[in-house]
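Inspection log for the structure reproduced underneath, given as structure tokens.
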Amino acid sequence: MPRTDRVVRVIAAPPTAVYAALLDREALEAWLPPAGMRGRVEHWDPRPGGGFRMTLTYLDATGAPGKTSDGTDVVEVGFTALTPPERVVQQAVFDSEDPAFAGTMTMTWDLTPAPGGTEVTVTATGVPSGIGGADHEAGISSSLANLASYTEGRQRTRR
């Protein structure tokens, strides 16, 4: 049965700044990779019907944790809905021969004004069975921490 994972964080930046970071190639490369990984966007088309391909590389591939190869996860992401500055909906498909990572996972990023910034709710539906729930939530939380650092730092430099 498909699983849903959800993580929420308040980021001290306005929804417009958070939304912009979700749709900027260089920003995405900076904040999306969770701790222990780095990312590279290989193509970029930020519009409904467009998308991107990202290669995530493990900084330590001990134990061969990758979905695509021992040390990498490659994911094709399509933008299915963009509602500035409130919501980004993505469909993600991992490049993997392992059936445990097969299928399309929908990632919905909801941005809601909150005291002191933006409440960001990330909801992942259709999560492949090969992605452990605790690991996935930790990865999303790590990416949200990176997003907070990225957007909050940019807000401080604008003041």
Side-chain angles (χ1 to χ4, degrees), residues 1-11 13 15 17-25 27-59 64-69 71-114 117-151:
M1 176 165 210
R3 188 180 80 236
T4 298
D5 296 332
R6 180 173 289 111
V7 178
V8 179
R9 180 180 178 121
V10 174
I11 294 177
V18 176
Y19 185 85
L22 291 171
L23 292 176
D24 179 273
R25 179 182 188 150
L28 204 70
E29 287 181 331
W31 68 260
L32 186 60
M37 301 186 90
R38 70 174 176 272
R40 185 180 74 250
V41 173
E42 295 171 359
H43 70 76
W44 183 249
D45 186 8
R47 62 178 175 82
F52 62 95
R53 178 179 176 93
M54 179 172 252
T55 298
L56 295 161
T57 303
Y58 289 84
L59 301 179
K67 297 170 191 66
T68 306
S69 70
T72 63
D73 294 346
V74 177
V75 62
E76 285 283 345
V77 178
F79 291 111
T80 58
L82 299 174
T83 309
E86 300 169 1
R87 174 180 269 197
V88 173
V89 181
Q90 306 166 329
Q91 299 224 313
V93 177
F94 287 98
D95 179 358
S96 179
E97 293 181 13
D98 186 337
F101 299 111
T104 301
M105 176 174 62
T106 301
M107 300 284 293
T108 303
W109 301 74
D110 286 307
L111 312 178
T112 306
T118 304
E119 181 179 273
V120 181
T121 303
V122 181
T123 306
T125 57
V127 180
S129 63
I131 301 173
D135 289 342
H136 195 221
E137 289 180 10
I140 295 169
S141 293
S142 178
S143 292
L144 283 174
N146 294 341
L147 177 59
S149 293
Y150 181 87
T151 55

Distance check, rounded to the nearest 0.5 Å: [X] atom [atom1] versus [Y] atom [atom2]?
X: Phe101; Y: Ile131; atom1: CZ; atom2: CD1; value: 6.5 Å
X: Met105; Y: Thr4; atom1: CE; atom2: OG1; value: 11.0 Å
X: Leu147; Y: Ile11; atom1: CG; atom2: CD1; value: 4.0 Å
X: Trp109; Y: Tyr19; atom1: CH2; atom2: OH; value: 13.5 Å
X: Asp73; Y: Phe94; atom1: CG; atom2: CZ; value: 6.0 Å
X: Met54; Y: Thr72; atom1: CE; atom2: OG1; value: 13.0 Å

Heavy-atom pair of closest approach, residues Ala21 and Ala27 = O-CB, 3.7 Å
Which heavy-atom pair separates Val77 from Ala92 by the least distance, and what is that distance?
-> CG2-CB, 4.2 Å
Throw together a table of side-chain donor-acceptor distances under 3.5 angstrom for residues 81-89, partners on residues two or more places apart or in other chains.
| unit_1 | atom_1 | unit_2 | atom_2 | d |
| --- | --- | --- | --- | --- |
| Arg87 | NE | Asp110 | OD1 | 2.6 |
| Arg87 | NH2 | Asp110 | OD1 | 3.0 |
| Arg87 | NH2 | Asp110 | OD2 | 3.3 |

Identify every side-chain donor-acceptor pair in residues 34-44 under 3.5 Å, counting partners at least two apart or on other chains, and give the distances.
| unit_1 | atom_1 | unit_2 | atom_2 | d |
| --- | --- | --- | --- | --- |
| Arg40 | NH2 | Glu42 | OE2 | 2.7 |
| Glu42 | OE1 | Arg53 | NE | 3.1 |
| Glu42 | OE2 | Thr55 | OG1 | 2.4 |
| His43 | NE2 | Glu76 | OE1 | 3.4 |

Establish, from distance only, whether the side-chain atoms of Glu119 and Thr112 form a donor-acceptor pair under 3.5 Å.
-> no
Take atom CZ of Arg6 as the centre, draw a 6.0 Å sphere, and report whether it contains more than 12 heavy atoms from other residues, nucleotides or ligands.
-> no
Identified side-chain contact (heavy atoms from CB on, under 4.5 Å) partner of Trp31 from the options Thr151, Leu22, Asp24 = Leu22
Restricting to pairs with a member in residues 125-135, which pass salt bridge (Lys or Arg N to Asp or Glu O under 4.0 Å), not counting sequence neighbours?
-> none
Return yes if some donor-acceptor pair links the side-chain N/O of [X] with the main-chain N/O of [Y] below 3.5 Å, else return no.
X: Thr118; Y: Val120; result: no
X: Ser141; Y: Glu137; result: yes
X: Thr68; Y: Val74; result: yes
X: Asn146; Y: Pro33; result: yes

